Amino acid sequence: MSWLARGDTDQPLEPPSEFIIKVQDINDNPPQFVEGPYRASVPETSQVGTSVTRVTATDADDPVYGNSAKLVYSILEGQPYFSIDPNTAIIKIALHGMDREMREEYLVVIQAKDMGGHMGGLSGTTTVTVTLTDVNDNPPKFSKSLYEFVIPEDLAIGQPGGKVKANDRDIGENAKSTYNIIDGDERDVFEITTDAQTQEGILRLKKPLNFETKKSYTLKVEAANIRFDPNSGAPFKDTATVKIAVEDSDEPPVFSKPTFVLQVDENAPINTVVGTVTARDPDVTGSLVRYFIDRHTDLERQFNVNVDDGKITLAKPLDRETDMWHNITVTATEIRNHSQISRATVAIRVLDINDNAPEFATEYEAFLCENGKPGQVIQTVSAVDKDDPIQGHYFEYRLIPEMLNNPNFTIKNNGDNSISVLAKHDTFRRQKQEMYFLPIIVTDNGNPPMSSTNTLTIRVCGCSREGIVQSCNVEAYVLPIGLSMGALIAILACIILLLVIVVLFVTLRRHKNKPLIIKDDEDVRENIIRYDDEGGGEEDTEAFDIATLQNPDGINGYLPRKDIKPDLQFMPRQSSGPNGVDVDEFINVRLHEADNDPTAPPYDSIQIYGYEGRGSIAGSLSSLETASSDSDQNYDYLREWGPRFRRLGELYSVGESDKET
């Protein structure tokens, strides 16, 4: 759009005009495969014309104007196997019978050219990798038509005896095969299985081999694909022949039976033949066999076996009531090769004989009421027998001959191998006889019959009117208060124990009141104060203050003493405790030793009264330290000191009056 304007007024001289400018495209952009390079796959042996994949190229030029964006596709590499549609760019199979086993992968180069493919057009290329996928078009094939194996006759069942393999050119599931035995002699002796990893056929043993019976086998084995196309008509299987030669081996002896069952009577004498076991060497050479008993199965060594003929004999007597069955293991060993050993189980049953007498089933103790009636059943008795006869047990009961005519009890057969004991009268009394013993003979029906004598204990008891036993002791009848002898003894024991405690208590109190120290009249030591006169009454009950006799100078660590330690050394005495010694005697002995020991402090106990107290107006009362005589002393002032010194003043006043007289 444009316009013209006047210079002074800036007004348009003519109306505005509009111009459209169109840019014309030229072929300046080549085709491009944005999604390339490509990968594709197609099954092998596909038909010609089978589509493989499609490629796409783009051109940035204007597709409307001219042929700048018109593309044409062509194959630069990949012929004659593949072709491409020039307009749709679809790649197809161009060659019949393409085989993956011959060549699996192909590289195809595709070109896209604009300008409709004419001269001067621009082009672009891409690659397509085409892979042929596998189809099952190849059958399995054995590497050889005849396989030969040598298998030892002692090969264990289930162990591999040989391997065969059929190769398949296909891959994956198409190459998997199964193996089968389709023909041959005694096909049930062997089986063939497929190894999933190696695709091999493994020949295994199903039954034991015997070189002496059959020395070789011929089998026909088939390998067949698991997956195949029924419409292909190809035989996707192959067969091969397998020949097996059996190798002779040194085999262990073979018992005639794996298990032997023998019987022997209990208490049979030693060396009785129980039975015989037999074994033979199956080899052609036929080695001799020796027999042994595995002592781990016969720890008590109750049996022996003859090493040459296998006869089993008794080494110790047997008791059926202890062990009814004995299971032992017998081994058979070749003389020529001791490592060849076989084993067989021998079960020995011990047959029963009548060697045990019947006896009471339990220790019976019957109770008879004093108020019982004649003919009353006191106890039902049954018997047991350790033996086990085939016809069963039958027991016969009878009283011993000495008791047949006893006036107290009788027995009655119940018909079920038990009897009832009956009372003959009702005059049983505990005061007369508390307990009765009834011997009974029990006999079995064995051959020979066995019998034993068992004693039934019958106690006479006091019963209620309903026949309920209340007490079976004589003392219960004597004590109408209902206390048993045990309770009475317990009460007497408690009373005696109380009396003993009282006596001990009184003895201890007397022992405490007895003085521990015997005072000797001749003991005149000044530190022992004795009062021979009657007490002063209430004033003597006041406690004596010992502080008045203490020297206050001793508090500072100084105590004036006038003691002289003697030079005589007293031999130390070996101390011993007062264990088992009377306390008074012990103290008197120690007191005597202290009195006669001149080295034991205090050497002279005058220091106890050496100080009468600080500030005392009386001064010292001791006559040992005063320099004046007794005649110079005046003791009248003692009466002025109070009640405590009144007695002392009277003593000294009496002394002065005696001297004057």
Side-chain angles (χ1 to χ4, degrees), residues 134 136-230 232-259 279-285 332 337 339-345:
D134 183 59
N136 192 14
D137 57 346
N138 294 283
K141 187 68 176 177
F142 283 104
S143 58
K144 51 185 179 180
S145 59
L146 178 62
Y147 292 86
E148 295 180 344
F149 302 105
V150 177
I151 300 177
E153 66 171 331
D154 57 354
L155 182 68
I157 295 177
Q159 292 298 315
K163 296 180 181 180
V164 297
K165 185 173 183 180
N167 298 314
D168 195 324
R169 299 176 63 191
D170 297 323
I171 60 174
E173 294 293 327
N174 296 323
K176 292 184 177 181
S177 301
T178 58
Y179 298 87
N180 294 286
I181 299 175
I182 61 175
D183 197 6
D185 48 356
E186 299 188 23
R187 289 181 294 169
D188 56 346
V189 178
F190 298 92
E191 65 177 352
I192 190 167
T193 58
T194 304
D195 190 328
Q197 300 296 328
T198 63
Q199 287 299 305
E200 293 178 323
I202 302 176
L203 196 65
R204 299 180 185 274
L205 196 62
K206 289 178 62 178
K207 293 183 178 180
L209 298 177
N210 192 341
F211 175 80
E212 291 74 24
T213 303
K214 190 173 182 60
K215 298 178 175 60
S216 64
Y217 296 86
T218 300
L219 306 174
K220 189 175 183 179
V221 180
E222 179 187 75
N225 278 147
I226 297 176
R227 297 176 56 182
F228 66 93
D229 186 4
S232 64
F236 292 94
K237 60 181 64 176
D238 193 19
T239 60
T241 301
V242 178
K243 289 188 176 182
I244 301 171
V246 180
E247 182 182 29
D248 188 22
S249 300
D250 189 7
E251 300 175 271
V254 178
F255 281 94
S256 58
K257 293 185 294 185
T259 302
R280 65 176 183 86
D281 183 9
D283 297 327
V284 177
T285 55
N337 186 359
S339 63
Q340 296 297 335
I341 302 175
S342 58
R343 290 174 170 81
T345 301

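Just so you know, these numbers use all the heavy atoms, side chains as well, and skip hydrogens, waters and symmetry mates. No experiment lies behind these values; they were computed from the predicted model shown.
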Flag side-chain contact, heavy atom, 4.5 Å: [X] against [Y]:
X	Y	answer
Ile341	Arg343	yes
Val246	Ile151	no
Thr239	Glu222	yes
Thr345	Pro258	no
Asp183	Leu219	no
Phe149	Val164	yes
Gln159	Arg204	no

Has [X] got a side-chain atom pairing as donor or acceptor with [Y]'s backbone, closer than 3.5 angstrom?
X	Y	answer
Asn180	Ile182	no
Arg169	Asn138	no
Glu153	Phe211	yes
Glu148	Val242	no
Tyr179	Ala224	no
Ser342	Pro253	yes

Once rounded to the nearest 0.5 Å, what's the spacing between atom [atom1] of [X] and atom [atom2] of [Y]?
X	Y	atom1	atom2	result
Lys237	Ser177	NZ	OG	11.5 Å
Ile244	Lys214	CD1	NZ	10.5 Å
Asp154	Gln340	CG	CD	8.0 Å
Glu191	Ile181	CD	CD1	8.0 Å
Lys163	Thr193	NZ	OG1	10.0 Å
Lys141	Asp238	NZ	CG	4.5 Å

Charged tip of Lys257 within 45° of Phe255 ring normal and under 6.0 Å: no

From CA spacing to verdict: side-chain contact (heavy atoms from CB on, under 4.5 Å), Tyr147, Val221: CA-CA 10 Å; Tyr147 292 86; Val221 180; over 6 Å; no

Within 6.0 Å of NZ in Lys220, more than 12 heavy atoms from elsewhere: no

Testing the basics here: between [X] and [Y], what is the closest heavy-atom pair and its distance to 0.1 Å?
X	Y	result
Ala175	Asp170	CB-O, 3.1 Å
Glu200	Lys165	CG-CD, 3.9 Å
Lys206	Phe190	CD-O, 3.5 Å
Pro282	Val254	CG-CG2, 3.9 Å

Under-4.0 Å salt bridge between Asp188 and Lys207: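 Yes, this pair counts.
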
Polar contact flag, side-chain donor to acceptor under 3.5 angstrom, Asn225-Asp168: yes

